[in-house]
Amino acid sequence: MKLFHLIDFYNELIIKQDYFECHEIMEATWKSSPAFSKNDAEVFLILLATGEYHYRRGNINGAVRSYRRALKLHEENTYDLAALGMEEELVEMMTARMENMEDMPFHPLAYPLTEDMWQALHEHGGYGPSPDIEAFKRWTRDRVVQDEEIVYKHRLRDRTDVLLEREAAIKKRKHRK
């Protein structure tokens with residue numbers, strides 16, 4: 001996976017907190033691989049973003065299900081989290097978050113990015129190579145995006161293309177029979 005894919009993903013995950021867009025970015029990255037499988041690290045990241053999307057909207061069952069699947073994938077495949085720009089503590093953080101979702105209101109996770117990924121994200125976001133990367137980290141951890149267009153994006157987006165693709169697939173299946 002290329003660095004710019006990860007930066008785009010983390011920009012949406014941490015800065016914009018647009019978890020739906022995170023899913024879209026990482027799914028496109030995943031499917032662009034000539035030999036993608038459901039065991040790929042991209043799926044782990046997709047499930048992380050999906051869990052956050054559900055949790056923020058109060059769908060605890062959906063969030064727990066997504067987190068469980070992500071953690072199971074990691075357990076079975078032992079992803080190199082550093083190669084994904086994350087510290088190993090992410091797994092412990094996800095486990096604790098999943099176990100406490102029922103009792104804790106949503107707040108964005110303080111993602112444990114590697115120092116290199118923090119710097120790349122900082123520069124990508126137009127913040128420049130600031131000598132005060134710690135201030136940038138604090139700013140991201142204090143941010144809570146509540147814009148309804150982002151929180152409820154799957155319900156508010158234009159689904160015309162999706163519906164047309166679905167209709168074409170149905171017609172194609174019927175034609176094959």
Side-chain angles (χ1 to χ4, degrees), residues 1 5-6 8-33 36-113 117 121 140-167 169-170 173:
M1 182 176 346
H5 293 131
L6 289 168
D8 284 348
F9 177 81
Y10 292 134
N11 188 55
E12 296 294 335
L13 185 74
I14 297 169
I15 308 295
K16 296 180 181 177
Q17 298 169 19
D18 188 340
Y19 307 128
F20 187 89
E21 192 61 28
C22 290
H23 179 286
E24 297 293 302
I25 289 168
M26 199 47 60
E27 183 175 25
T29 300
W30 173 53
K31 289 185 173 179
S32 70
S33 172
F36 64 91
S37 85
K38 290 189 177 186
N39 291 322
D40 293 337
E42 290 90 342
V43 177
F44 171 78
L45 293 174
I46 289 167
L47 289 167
L48 169 63
T50 302
E52 291 297 277
Y53 185 82
H54 288 307
Y55 186 20
R56 176 170 56 193
R57 292 181 36 258
N59 178 359
I60 303 302
N61 289 335
V64 168
R65 204 169 29 253
S66 295
Y67 264 58
R68 249 191 215 125
R69 287 178 56 209
L71 291 167
K72 184 175 190 246
L73 273 175
H74 183 271
E75 184 180 310
E76 292 170 352
N77 299 285
T78 318
Y79 301 118
D80 179 2
L81 294 180
L84 300 176
M86 287 277 194
E87 300 288 349
E88 289 298 322
E89 70 191 270
L90 174 65
V91 172
E92 292 169 21
M93 291 173 76
M94 289 174 68
T95 301
R97 187 167 180 84
M98 182 178 69
E99 291 169 354
N100 295 309
M101 281 181 183
E102 288 285 344
D103 304 318
M104 298 292 293
F106 175 81
H107 190 275
L109 191 63
Y111 300 97
L113 296 182
M117 186 55 71
L121 180 61
T140 63
R141 289 187 176 120
D142 292 340
R143 249 174 97 61
V144 180
V145 173
Q146 297 174 335
D147 180 341
E148 286 195 13
E149 288 184 23
I150 291 176
V151 175
Y152 298 102
K153 194 170 199 170
H154 80 288
R155 290 185 182 163
L156 301 175
R157 75 187 192 280
D158 179 4
R159 294 182 36 88
T160 305
D161 291 345
V162 173
L163 297 173
L164 290 173
E165 282 182 36
R166 185 178 297 156
E167 187 178 311
I170 290 169
R173 279 194 303 268

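What you see below is based on every heavy atom in this structure, not just the backbone, and it leaves out hydrogens, waters and symmetry mates.
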Distance in Å, [X] [atom1] paired with [Y] [atom2], rounded so as to fall on 0.5 Å steps:
X	Y	atom1	atom2	result
Glu24	Thr29	CD	OG1	11.0 Å
Leu109	His107	CG	NE2	10.5 Å
Leu121	Phe9	CG	CZ	11.5 Å
Asp18	Tyr53	CG	OH	8.5 Å
Glu92	Leu71	CD	CG	11.0 Å
Phe44	Met86	CZ	CE	7.5 Å

Please report the closest heavy-atom contact between [X] and [Y], naming both atoms and the distance.
X	Y	answer
Ala49	Cys22	CB-CB, 3.6 Å
His54	Ala63	CB-N, 3.4 Å
Met94	Ala70	CE-CB, 3.8 Å
Pro108	Glu52	CA-OE1, 4.5 Å

Asp40 (side chain) donor-acceptor with Ser37 (main chain) under 3.5 angstrom: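 Looks like yes, one N/O pair under 3.5 Å.
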Short side-chain to backbone donor-acceptor contact, Trp30 and Ile25, under 3.5 Å: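 Checked: no pair found.
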Do the side chains of [Y] and [X] get nearer than 4.5 Å, heavy atoms only?
X	Y	result
Tyr111	Leu48	yes
Glu87	Leu113	no
Lys16	Asn11	yes
Arg68	Val64	yes
Val43	Phe36	no
Leu45	Leu6	yes
Phe106	Arg97	yes
Tyr67	Thr50	no

Trace of the side chain to side chain contact (heavy atoms under 4.5 Å, CB included) decision for Leu81 with His74: CA-CA 9 Å; Leu81 294 180; His74 183 271; 3.9 Å; yes
Intermediate values then yes/no, side chain to side chain contact (heavy atoms under 4.5 Å, CB included), Arg56 and Gln17: CA-CA 10 Å; Arg56 176 170 56 193; Gln17 298 169 19; 3.8 Å; yes
By salt bridge (Lys or Arg N to Asp or Glu O under 4.0 Å) - contacts of Lys31 (at least two apart):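 Expected list: Glu27.
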Which residues share a salt bridge (Lys or Arg N to Asp or Glu O under 4.0 Å) with Glu42, sequence neighbours left out: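 Listed in chain order: nothing, the list is empty.
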CA sep, side-chain torsions, deciding dist, call: Leu73, Arg69, side chain to side chain contact (heavy atoms under 4.5 Å, CB included): CA-CA 6 Å; Leu73 273 175; Arg69 287 178 56 209; 5.8 Å; no
Heavy-atom neighbours of Glu88 CD exceed 12 at 6.0 Å: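 Yes.
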